[in-house]
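Report on one structure; see the data block that follows.
Given the structure is predicted, the values throughout are model-derived calculations rather than measurements. So you know, we letter chains A, B, ... as the sequences are listed, proteins then strands, and number each from 1.
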Amino acid sequence: MSNTELETTYNARNIEKEIYKFWEDNNCFEADSNSKKEPYSIVIPPPNVTGVLHMGHALDGTLQDILIRYNRMLGKEVLWMPGCDHAGIATQNVVEKQLAKEGKTRHDLGREKFLATTWDWANEHKNRILEQFKLLGASFDLSRKRFTLDEGCSNAVKKVFVDLYNKGLIYKGTYIVNWCPRCQSAISDIETNYETEDGHLWEISYPLSDKMGAIVVATTRPETMFGDVAIAVHPDDYKYKDLIGSDCVLPLTGRKIPIIADEYVDKTFGTGAVKITPAHDPNDFEVGKRHNLPQIKVIDEKGCMLSNEYVPPQIQGLTREEARKKTVQMLEEHQVLVRITPHVHNVGKCQRCNTTIEPLLSTQWFVKMEPLAKPAIDAVKSGAIKFIPERWEKNYLMWMENIRDWCISRQLWWGHQIPAYYHNKTGEMVVALKNPDPDNYTQDKDVLDTWFSSGLWPFETMGWPDTNHPDYKKFYPTTTLVTGFDIIFFWVARMITMGLEFTKKPPFSTVYIHGLIRDEHGQKMSKSKGNTIDPVDLIEKYGCDALRFTLTYLCTYGGQDIKISDEKFEFGRNFANKIWNASRFVLMNLSAQEYDLKIEQDKLSIADKWILNELNNVSKIVNENLKTYRIGEVANILYEFFWNKYCDWYIELSKINKNEQVLVYVLDSYLKLLHPIMPHITEAIWQKMPLKKDVIGILNSKYPEYNSAFEFSSDAKKMETVFETIKALRNLRAEFNIPLASKINILIDNNEELYSQIIPYLNRLAKVESVSFDKNKNIEKSAYCVVGDTRITVPLADLIDLNQEIARQKKKIDKLNQELNSIEARLKNEKFVSNAPKDVVDKAIERKNELNSEINLINETIKKLS
RNA sequence: GGGCGUUUAGCUCAGUUGGUAGAGCGCCUCCCUUACAAGGAGGAUGUCGGGAGUUCGAGCCUCUCAACGCCCACCA
């Protein structure tokens with residue numbers, strides 16, 4: 001096989017593996033921070049170190065790679081920074097599950113040994129997911145690969161923590177936090193998902209201590225009553241006005257608590273009286289602070305009832321669920337349970353393990369968000385950072401403007417240990433980069449929220465805090481951030497706040513938000529539902545380029561979620577196959593050893609001009625759309641051009657009359673245009689093309705742009721007429737069941753200059769035997785094609801049923817008349833003529849004239865037939 | 001409670017400043033024409049969710065209603 005020949009069958013996987021290796025072997029993805037070229041950089045949303053590639057990565061990775069490859073071809077110095085996230089809770093959960101299989105917990109191993117085990121696990125897996133990204137054709141710079149827990153990131157994290165602490169933006173305090181009893185850790189507000197659950201509203205009667213009677217409170221969590229420190233009513237609630245200031249008695253334990261007034265209470269809900277449990281409810285915590293009430297803990301970190309003086313002995317040690325049952329039972333026995341009504345309410349769940357969250361009074365570390373949020377709000381409002389699509393800005397701003405402090409400490413082992421040190425004897429706390437005195441100070445046991453380190457990702461990966469680092473200087477701030485809307489708050493918002501605070505620059509200028517991948521029914525894909533599609537399987541089955549193309553094609557500008565099923569990828573596979581075969585044909589039909597991609601204008605036929613004109617338009621629109629992130633549109637346009645223009649027409653025409661220069665030129669340009677989306681197949685074919693090449697791969701070639709020398713719109717329009725004619729003749733054959741084997745002779749009554757040029761095309765593509773331009777020739781028993789101002793007579797002798805032909809022509813006239821009527825109505829409307837833009841009116845007049853002459857021509861034709 | 005999205009051909013979805021609707025799949029007819037049957041030629045299919053308004057003109061803009069979905073907040 002010669003070096004310009006393509007294999008007969010397109011074997012995607014073999015080619016893709018070979019091509020990716022070619023790029024890797026030639027270090028094609030390595031960024032040069034000393035380059036003089038304009039920089040373009042993207043940091044990957046770091047996948048979970050223990051994760052495996054899923055469809056979300058496939059989409060996200062494909063889009064990033066498209067932008068990277070496009071900008072590389074625009075001549076920029078590009079860096080796509082790869083790396084993984086240590087994913088605190090998720091990773092620790094995985095390792096703990098492994099241990100559980102051996103009947104062990106992390107406590108059996110101890111912190112040091114557990115961390116060693118987890119590191120082993122992480123090291124073993126951290127290459128896996130990035131290796132899988134390679135299957136996507138990712139052109140990231142693996143020589144710069146980072147990990148959120150590596151030394152550089154750890155130093156960045158420490159510095160950020162210490163600085164924020166010194167600025168008073170990180171503080172330690174005791175507040176109600178979302179506590180996951182399974183993870184045994186605090187989690188942040190956004191890691192808490194709310195699910196509606198059918199519960200009950202229990203109304204409990206609390207006897208007054210000084211007077212007769214009782215006050216009835218409504219609660220969804222009776223088991224927390226042992227931590228009650230007051231009953232609150234609304235100050236204006238006439239029902240309870242007299243009771244404010246007096247005391248009542250907690251049933252079952254007999255503890256005396258006050259009745260207080262607070263605006264927080266909703267008079268219309270429940271009984272209008274609320275039990276206040278500051279240690280186990282965020283709202284009650286606030287009420288408690290306002291009224292200087294004590295905080296009584298009755299539930300522990302495992303979600304079990306404490307054994308203390310406040311909890312009745314029968315309830316001590318029970319789980320939350322058991323305690324609720326038992327409490328209700330005891331209340332019933334004491335006849336203080338007034339009423340039980342079904343009640344639907346929202347229950348907080350841990351994002352990681354779906355365990356019901358326990359709001360718990362706990363000492364944790366927090367980031368004071370408001371001062372940090374302000375510049376982050378301004379950056380988006382001022383346009384320094386733009387979201388695409390724009391609507392996400394509103395979403396982002398709404399969240400930022402109502403931001404609450406961020407609980408960053410986690411009671412885990414896997415992660416960045418908080419750089420706070422406590423004196424072993426005095427308990428004095430020092431927050432510093434290093435332990436001031438390891439003999440006498442012990443480091444805080446807690447680690448930081450995973451998102452704390454990923455929030456620094458755009459600059460911690462660029463050498464920060466060394467602001468003289470070449471990468472930092474060349475590639476920070478990054479250009480575009482590509483991600484799904486589900487992590488705007490978790491990640492994007494944090495990167496913006498941290499980036500602005502520590503580098504004084506927005507970490508990126510554009511945030512491109514795409515939709516989420518869903519299954520064919522629109523359901524989120526998840527392992528537990530069993531509806532996942534593995535991109536690795538798809539790649540094996542259809543090829544990486546097919547996967548990329550299909551995903552891109554389905555990815556709309558509005559960022560709609562993308563519903564997929566296995567079969568949908570046949571679309572991309574078929575397209576890849578088409579590209580392969582068409583290219584194979586072109587390469588087979590080239591005679592020269594080498595082409596220099598110069599076009600000799602005087603040798604161009606109208607067909608050549610037409611395809612160059614089309615290519616030119618496509619180049620223009622594709623560039624525009626790539627620059628404005630209309631990436632799905634790019635896939636649409638490129639598909640349409642190649643299949644419906646280049647293959648269906650130009651290649652067919654070239655079988656009759658070929659211009660090798662143009663054939664090669666268009667294929668070369670097209671492969672370049674498509675390369676960012678389908679990198680392997682375009683590279684593979686391009687490597688086989690006999691071209692004078694000044695770069696080693698298509699990935700380094702120059703992206704095609706609009707070229708005014710190829711503006712041939714009037715010739716292109718003539719060519720469209722030719723296509724119309726061929727289609728009309730084919731249609732006629734189909735309607736009269738004339739087999740291709742029987743040749744037809746035709747008579748053309750107009751536009752001799754144009755049609756005489758294209759007789760060979762009519763010959764081959766419409767199986768026309770001969771063409772005559774003799775207007776006087778009159779032939780009986782003919783069918784007719786009217787194309788614009790030209791009538792084509794097709795003598796059919798006995799093959800034709802005249803009535804059928806009349807009906808056929810009438811049908812056409814009806815259609816044209818319909819359009820004509822609507823245009824005439826418009827033109828008769830004075831308001832249209834005076835108000836509509838001139839070009840719209842002119843276009844309508846032009847179209848009216850066209851329609852009139854075509855209709856006249858058909859009418860004449862019908863007369864001939866009758 | 002607040003915000004956002006979706007509703008277009010049987011199915012999945014495009015439709016970029018308002019000018020009179022498209023693709024893929026599926027369906028029907030014909031064709032193994034030597035790049036491709038993962039293909040080629042031809043064909044059928046839509047009061048663009050309902051209603052109202054703005055406009056000469058609305059799938060697109062405004063209002064309203066309905067259904068479905070998502071996000072945020074959360075009343076014990």
Side-chain angles (χ1 to χ4, degrees), chain A residues 6 8-10 189-190 194 201 217-221 224 232 264-266 268-277 281-284 287 343 345-346 348 391-392 394-395 398-399 402 485-486 488-489 515-516 520 522 524 542 546 550 553-554 556-565 567-568 570-571 573-589 621 624-625 628 630 632-633 636 639-640 644 647-648 651-652 655 726-727 730-735 737 739-741 764-765 767 819 822-823 825-827 829-837 839-841 843-844:
Chain A
L6 295 178
T8 329
T9 50
Y10 168 59
D189 293 338
I190 50 174
Y194 287 89
L201 203 56
V217 302
T219 180
T220 54
R221 298 199 57 194
T224 63
Y264 148 75
V265 180
D266 177 354
T268 62
F269 187 88
T271 61
V274 193
K275 60 194 256 335
I276 300 298
T277 322
D281 182 279
N283 289 308
D284 293 4
V287 174
H343 181 65
H345 62 148
N346 288 335
R391 67 186 150 90
W392 292 111
K394 201 171 174 180
N395 199 262
M398 215 157 63
W399 191 71
N402 296 295
F485 60 76
D486 52 335
I488 290 177
F489 303 150
L516 267 31
E520 55 193 315
K524 214 169 173 175
Y542 300 112
T550 307
Y553 187 88
L554 295 173
T556 64
Y557 180 70
Q560 287 306 310
D561 287 351
I562 298 170
K563 282 194 240 176
I564 58 160
S565 58
E567 313 84 60
K568 273 200 174 169
E570 289 175 5
F571 175 71
R573 178 202 57 184
N574 294 355
F575 185 47
N577 189 245
K578 187 76 178 176
I579 293 165
W580 185 262
N581 282 300
S583 303
R584 192 158 67 89
F585 173 83
V586 172
L587 293 182
M588 279 178 349
N589 281 278
I621 301 169
E624 284 169 4
N625 283 320
T628 52
R630 295 173 189 278
E633 187 65 14
N636 273 269
Y639 180 91
E640 217 271 331
N644 304 123
C647 293
D648 286 354
I651 285 186
E652 290 308 315
K655 289 174 182 173
I726 291 167
K727 280 196 256 184
R730 281 173 175 170
N731 175 274
L732 187 147
R733 273 185 182 278
E735 295 211 27
N737 285 319
L740 286 168
R764 166 127 179 187
L765 299 178
K767 304 288 176 199
E819 198 187 338
S822 106
I823 287 182
R826 252 193 294 167
L827 286 169
N829 186 336
E830 263 179 53
K831 285 182 177 169
F832 170 72
V833 180
S834 54
N835 289 336
D839 62 310
V840 172
V841 178
K843 234 167 99 184

Within the side chain of A:N402, is there an N or O that forms a donor-acceptor pair under 3.5 Å with the backbone of A:M398?
yes

What are the two closest heavy atoms between A:L201 and A:T220, and how far apart are they?
CD1-CG2, 3.7 Å

How many Å lie between CG on A:N402 and C1' on B:G1, as a whole number?
14 Å

What protein N or O atoms touch nucleotides 9-13 of chain B N or O atoms at under 3.5 angstrom, if any, and at what distances?
from: B:U12; atom 1: O2'; to: A:K568; atom 2: NZ; distance (Å): 2.4
from: B:C13; atom 1: OP1; to: A:K563; atom 2: NZ; distance (Å): 3.4
from: B:C13; atom 1: OP2; to: A:K563; atom 2: NZ; distance (Å): 3.1

Kindly say whether A:A844 contributes a backbone atom to a donor-acceptor pair with the side chain of A:R826 at under 3.5 angstrom?
no

Nearest-Å distance once atom P is located in both B:U55 and B:A67
32 Å

Can you tell me if the side-chain N/O atoms of A:K524 get under 4.0 Å from OP1 or OP2 in B:C70?
no

Do you know the tightest heavy-atom contact between A:L516 and A:D561?
N-OD1, 2.9 Å

Please give, in whole Å, the distance from B:U33 P to A:K767 NZ?
10 Å

Counting the atoms with a prime plus P, OP1 and OP2 as sugar-phosphate, which does A:R573 contact under 4.0 Å by heavy atoms, base, sugar-phosphate, or nothing?
base

What nucleotide, of B:A14, B:C70, B:G42, holds the atom closest to the side chain of A:F485?
B:C70

From B:C56, B:A35, B:C74, pick the nucleotide closest to the side chain of A:F832?
B:C56

Which is true for A:N731 with a 4.0 Å heavy-atom rule: it touches a base, it touches only sugar-phosphate, or it touches nothing?
sugar-phosphate

Write down the distance between NZ (A:K578) and C1' (B:A38), rounded to a whole number of angstrom.
10 Å

Name the closest nucleotide to the A:F585 side chain, picking from B:C74, B:A35, B:A38.
B:A35

Check every atom of B:A35, B:G24, B:A41 against the side chain of A:C647 and return the nucleotide holding the closest atom.
B:A35

Just checking A:P739: base, sugar-phosphate only, or nothing, at a heavy-atom cut-off of under 4.0 Å?
nothing

Of all the nucleotides listed (B:C71, B:A76, B:G42), which has the minimum atom distance to the side chain of A:F489?
B:C71

Between the main-chain N or O of A:A825 and the side-chain N or O of A:N829, is there a donor-acceptor pair closer than 3.5 Å?
no

B:G59 to B:U47 separation - P atoms, rounded to the nearest Å:
13 Å

Please report the distance separating the C1' of B:C4 from the corresponding atom of B:A9, rounded so that it comes out in whole Å.
28 Å

If you look at every heavy atom in A:V287 and A:I276, which pair is closest and at what distance?
CG1-CD1, 4.0 Å

So which nucleotide from B:G19, B:A35, B:A76 ends up closest to the side chain of A:A836?
B:G19

B:G39 OP1/OP2 closer than 4.0 Å to side-chain N/O of A:N574
yes

Near-ring test A:F269/A:H343, centroid separation under 6.0 angstrom
yes

Euclidean distance for C1', B:U8 against B:U45 (whole angstrom)
13 Å

Classify the nucleic acid contact of A:R630 as base, sugar-phosphate or nothing, counting any heavy atom under 4.0 Å across all strands shown.
base

Looking only at atom P, what distance separates B:C56 and B:A14, rounded to whole Å?
32 Å

What about A:Y639 and A:F571, are their ring centers closer than 6.0 Å?
yes

Could you check whether the side chain of A:N346 and the base of B:C74 have a donor-acceptor pair of N or O atoms closer than 3.5 Å, going by distance alone?
yes

Is there a donor and acceptor pair, one atom on the side chain of A:E640 and one on the base of B:A14, closer than 3.5 Å?
no

Are any side-chain N or O atoms of A:N835 and backbone N or O atoms of A:K831, one a donor and one an acceptor, separated by less than 3.5 Å?
yes

Stems in RNA chain B, runs of 3 or more consecutive Watson-Crick or G-U wobble pairs with both distances under 3.5 Å, sorted by first number, are B:1-7 with B:66-72, B:10-13 with B:22-25, B:27-31 with B:39-43, B:49-53 with B:61-65

Distance, rounded to the nearest Å, where A:N829 contributes CG and B:C56 contributes C1':
5 Å

For the student: nearest non-hydrogen atoms of A:R730 and A:L765, plus distance:
NE-O, 3.2 Å

Say you pick atom C1' in B:C63 and the same atom in B:G69; how far apart are they, in whole Å?
23 Å

Do A:I488 and A:F485 have side chains that approach each other closer than 4.5 Å (heavy atoms only, starting at C-beta)?
yes

Nearest to the side chain of A:K394 - B:C72, B:C4, B:A76?
B:C4

Sidechain-backbone polar pair: A:N731 side chain, A:K727 backbone, donor-acceptor under 3.5 Å
no

Rounded to whole Å, please give me the gap between CZ in A:R584 and C1' in B:A35.
5 Å

Closest to the side chain of A:M398, out of B:A76, B:A35, B:G2, is B:G2

Using atom C1' of each nucleotide, how far apart are B:A73 and B:G10 to the nearest Å?
42 Å

Of the candidate nucleotides B:A76, B:G40, B:A35, which contains the atom at the shortest distance from the side chain of A:H345?
B:A76

Does A:N395 put a side-chain nitrogen or oxygen below 4.0 Å from OP1 or OP2 of B:G3?
no

Per nearest nucleotide of RNA chain B, the residue lying toward the 5' end, A:V840 or A:K655, is A:V840

Rounding to an integer number of Å, can you tell me how far A:I488 CD1 sits from B:C4 P?
15 Å

Measure the distance from OH on A:Y194 to P on B:C71 and round it to the nearest whole Å.
14 Å

Both A:Y553 and A:R764 contact RNA chain B. Which one's nearest nucleotide lies toward the 5' end?
A:Y553

The single option from A:F585, A:Y10, A:F575 that satisfies ring-ring contact (aromatic ring centres under 6.0 Å, His included) with A:W580 is A:Y10

Any heavy-atom pair between the side chains of A:T8 and A:R584 that's under 4.5 Å?
yes

Using a heavy-atom cut-off of under 4.0 Å over every strand shown, decide if A:K727 touches base, sugar-phosphate, or nothing.
sugar-phosphate

Check if the side chain of A:R826 and the base of B:U20 share a donor-acceptor pair of N or O atoms closer than 3.5 Å.
yes

For atom NZ of A:K843, is the number of surrounding heavy atoms from other residues, nucleotides or ligands below 6.0 Å larger than 12?
no

Within the sub-3.5 Å range, which N or O atoms of nucleotides 60-62 of chain B have a protein N or O partner, and how far apart are they?
none

With sugar-phosphate meaning primed atoms plus P, OP1 and OP2, does A:G515 contact a base, only sugar-phosphate, or nothing at under 4.0 Å between heavy atoms?
nothing

Counting the atoms with a prime plus P, OP1 and OP2 as sugar-phosphate, which does A:F269 contact under 4.0 Å by heavy atoms, base, sugar-phosphate, or nothing?
base

Atom CD1 of A:I651 and atom P of B:G40: how far apart are they, to the nearest Å?
11 Å

B:A76 versus B:G3 - spacing of their C1' atoms, nearest Å:
25 Å

Sidechain-backbone polar pair: A:R391 side chain, A:G558 backbone, donor-acceptor under 3.5 Å:
yes

Closest to side chain of A:V265, choosing from B:A41, B:C36, B:A76
B:A76

